[in-house]
Amino acid sequence: MPAKLPHVRQIHGVRRSFATAVSRPPLSALSSVARAKAEQISAEWKGTSASGGNTKNFVGGEFVESQTSEWIDVVDPATQTLLTRVPETTSSEFKQAVDAASEAYKTWSRSSVLTRQRFVLELQHLLRKNADAVANSIVLEQGKTIADAQGDLLRGLQVVESASGIATALLGDTIEVSKDMDTSTRRLPLGVCASIAPFNFPAMIPLWTIPMAIATGNTLIVKPSERDPGAAMIIAELCQRAGLPAGVLNVVHGTVPTVNAICDNSSIRAISFVGGDRAGRHIYERGRKTGKRVQVNMGAKNHAVVMPDANKNHTLNSLVGAAFGAAGQRCMAISVAVLVGDSQGWLPELCERALRLKVKQGFEQGADLGPVISPAAKRRITGLIASAEEQGGGIILDGRDLEVPGYPDGNWVGPTVIEATADMRCYREEIFGPVLIVLKADTLDDALAIINANPYGNGTAIFTQSGATARKFEREVEVGQVGINVPIPVPLPMFSWSGNKASFLGDVPFYGRSGIDFYTQNKTTTALWKAEDAIGNKASVDMPTHH
Ligand code: NAD
């Protein structure tokens, strides 16, 4: 048995109840740094506020205040301060967005590919220039650290950069099939598309779809998470500054009614969704009923297998970073470590390293992870930790009692490590918090059996110094994204997302070559132009520009 760390609870102090944490403190509850950044966002960006004003919809090139009577509070997860409110978009406002996108489609779909490429290039430039604004908005609303927020934008920016190769990506095929007869296949856009995003990557996930959908000639309606809409609003304004014509990108806010309106609208041809299982399955089924193309990325349980021959220092640092970074709120976070054989003796050191992480508000110096998104998320996470206790699991490191000085109302959960078995709720359900479940296995085959029996298939990793072990694992594991000594193997956008099993519904995944496939349909044309019918005897001497 590994050594227990009974001192952890004392270090974390008194456990807080969040049942009453619903009143909204004034803006002065933010730190002076956070407040200055919040006020700067409100002053500089048309679509959103971080100091208590309303977030607008972006429809037909205008940032418009909704006339709805239903508003959703967006609060700082470290203090519960009201930053902004998002509207539950009314059905007539939603229709205006679809109409604007349908109208814009008529011209945008016929625009030159070079025009679309130039938009993408300009957008990547503006995103880099305004990266701090996007990252600040993410820290305020989502709670992650500033370094992590910059990474959130950067991973999305990489998709924008890859979309700048759109002219080459859209090249079709052609062949002369018989004398004077040619068959060609071209990739054409679908029409109005929609993108529905989760809270955990407020910049990256909208940017998985915005450049891909728009560069391929579609128009798009984005529905950001109602919990952190700011980054999407800043990105929308940057799209406008990058020269995107009115109506090509629209942003509407809301919750289930707005999502259902997207699923049911017959003018919308495709939906990209990233989020939880319940919403994902619902959107897939409802969207398919109206004949839409739907791609759905959902929940995960990502296992890391630790072999006894692994580089211990690299492995432990990788596990700690990937399990607890972003407070475990990454769909590719390592949420289960399968310790094989002698590597089980590394557990105390793993906990010691986890304990060294600094849990703080995201702008604070030295913060390694911030709060979880909401009091409800905290209750769910701590409830699952408690369920492990009830089912006989060992809470080796307990982050439930964490208090962070100066932030009494934050949704804090410290790094938590639970020794469990595969039948326990804490293993079977996605926790989506800074909790690492530890399972033990005698052999690589046992570890593979555990992973392959799990319904999810988003990501997995193995730590080993043996090429043969790594190769066997890579070949036999039934998970779509595999890291070998790499804890979070998120593919860069020259590749495509490839989560599988219960983590994905649909046929064509996100970004990369698949992203182009998802947002286009082929048109195959066969034409006969007989040589004997040719006319014309005067050449044009001007340089062709194709505009
Ligand atoms: P969520 O499902 O609660 O929300 C995602 C979106 O769906 C939001 O825009 C929300 O407004 C909408 N929504 C929520 N419930 C709905 C319902 N019942 N009907 C219709 N629409 C609904 O997800 P979240 O909490 O924002 O994000 C966390 C989840 O996202 C985790 O499960 C995580 O694994 C998953 N995720 C997956 C990936 C991936 O690529 N596989 C990436 C990021 C996040």
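Values in this document were obtained by computation on a predicted structure and should not be read as measured data.
- Here the straight-line distance linking atom CD1 of I146 with atom CD of Q365 works out to 11.5 Å at 0.5 Å rounding.
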Decide side chain to side chain contact (heavy atoms under 4.5 Å, CB included) for V479 and I451; before the verdict, give the C-alpha distance in whole Å, the side-chain angles of both, and the deciding distance to 0.1 Å.
CA-CA 8 Å; V479 172; I451 300 173; 3.7 Å; yes
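- A side chain to side chain contact (heavy atoms under 4.5 Å, CB included) with L436 holds for exactly one of T416, I396, L350, L397; it is L350.
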Chi angles and distances behind the salt bridge (Lys or Arg N to Asp or Glu O under 4.0 Å) call for D445, K472:
CA-CA 10 Å; D445 284 323; K472 174 182 161 73; 3.0 Å; yes
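- Heavy atoms of other residues, nucleotides or ligands lying less than 6.0 angstrom from CG of D342 number 12 at most.
- Of the inter-residue distances, the one linking R227 atom CZ with L83 atom CG reads 14.5 Å to the nearest 0.5 angstrom.
- Counted by atom type alone, S272 and Y519 present one or more donor-acceptor pairs between their side chains at under 3.5 Å.
- The closest side-chain donor-acceptor pair between T255 and E88 falls under 3.5 angstrom.
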What do the steps show when you test E389 against R400 for salt bridge (Lys or Arg N to Asp or Glu O under 4.0 Å), and what is the final call?
CA-CA 13 Å; E389 243 169 356; R400 285 176 292 180; 3.3 Å; yes
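- For the pair C426 and S387, the tightest heavy-atom approach, listed with the atom from each and the gap, is N-OG, 4.1 Å.
- Ionic pairing of K289 and E285 is not present here: no N-O contact between side-chain nitrogen and carboxylate oxygen is shorter than 4.0 angstrom.
- Aromatic pair H282/F273: ring centres not closer than 6.0 Å.
- Using modelled atom types and a 3.5 Å distance limit, the side chains of T55 and T84 yield a donor-acceptor pair.
- One side chain, T464 or D309, offers a donor N or O that lies under 3.5 Å from an acceptor on the other.
- Between the side chain of S343 and the main chain of P308, no donor-acceptor pair closer than 3.5 Å is present.
- Residue-environment remark: CZ (R428) exceeds the threshold of 12 foreign heavy atoms within 6.0 Å.
- Within the 4.5 Å cutoff, the side chain of E226 has no heavy atoms near those of the V74 side chain.
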Do E419 and K440 pass the salt bridge (Lys or Arg N to Asp or Glu O under 4.0 Å) test, and can you show the C-alpha distance, the side-chain angles, and the key distance before you say yes or no?
CA-CA 8 Å; E419 217 184 306; K440 291 180 173 173; 3.1 Å; yes
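- Heavy atoms of other residues, nucleotides or ligands lying less than 6.0 angstrom from CG of D507 number 12 at most.
- N411 and R379 are not linked by any side-chain donor-acceptor pair at a separation below 3.5 angstrom, with hydrogens and angles left out of the test.
- With H303 as reference, Y427 is the one residue of F473, Y427, F463, Y456 to meet the ring-ring contact (aromatic ring centres under 6.0 Å, His included) rule.
- We find the CG-CD1 distance between L384 and I418 to be 8.0 Å, quoted to the nearest 0.5 Å.
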Tell me which donor-acceptor pairs under 3.5 Å the side chains of residues 320-339 have, and how far apart each pair is, sequence neighbours excluded?
{"residue": "Q329", "atom": "OE1", "partner": "I373", "partner atom": "N", "Å": "3.0"}
{"residue": "R330", "atom": "NH2", "partner": "D148", "partner atom": "OD1", "Å": "2.9"}
{"residue": "S335", "atom": "OG", "partner": "N302", "partner atom": "N", "Å": "3.2"}

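- Of the N and O atoms on the side chains of T81 and T79, at least one donor lies less than 3.5 Å from an acceptor on the other residue.
- Interatomic distance, OG of S466 versus CZ of R471, reported as 11.5 Å (0.5 Å rounding).
- Take R281 and apply the side chain to side chain contact (heavy atoms under 4.5 Å, CB included) test, not counting sequence neighbours, and it matches D277, M298, L505.
- The residues E349 and K312 are annotated as salt-bridged, a charged nitrogen and a carboxylate oxygen being separated by less than 4.0 angstrom.
- Counting heavy atoms from C-beta on, the side chains of E141 and T48 come closer than 4.5 Å.
- For K37 and F363, the positive end sits near the middle of the six-membered ring, less than 6.0 Å away and at most 45° from its axis.
- Of the inter-residue distances, the one linking T460 atom OG1 with K301 atom NZ reads 13.5 Å to the nearest 0.5 angstrom.
- Side-chain N/O atoms of S514 and D517 include no donor and acceptor closer than 3.5 Å.
- Ring-plane geometry between F199 and F432 is classed as perpendicular, the angle between the planes exceeding 60 degrees on a 0 to 90 degree scale with a lower cut at 30.
- Cation-pi contact between K292 and Y284: absent, since separation from the ring centre below 6.0 Å together with deviation from the ring axis within 45° is not met.
- Taking OG of S31 as the reference point, atom CD of E364 lies at 6.0 Å (rounded to 0.5 Å).
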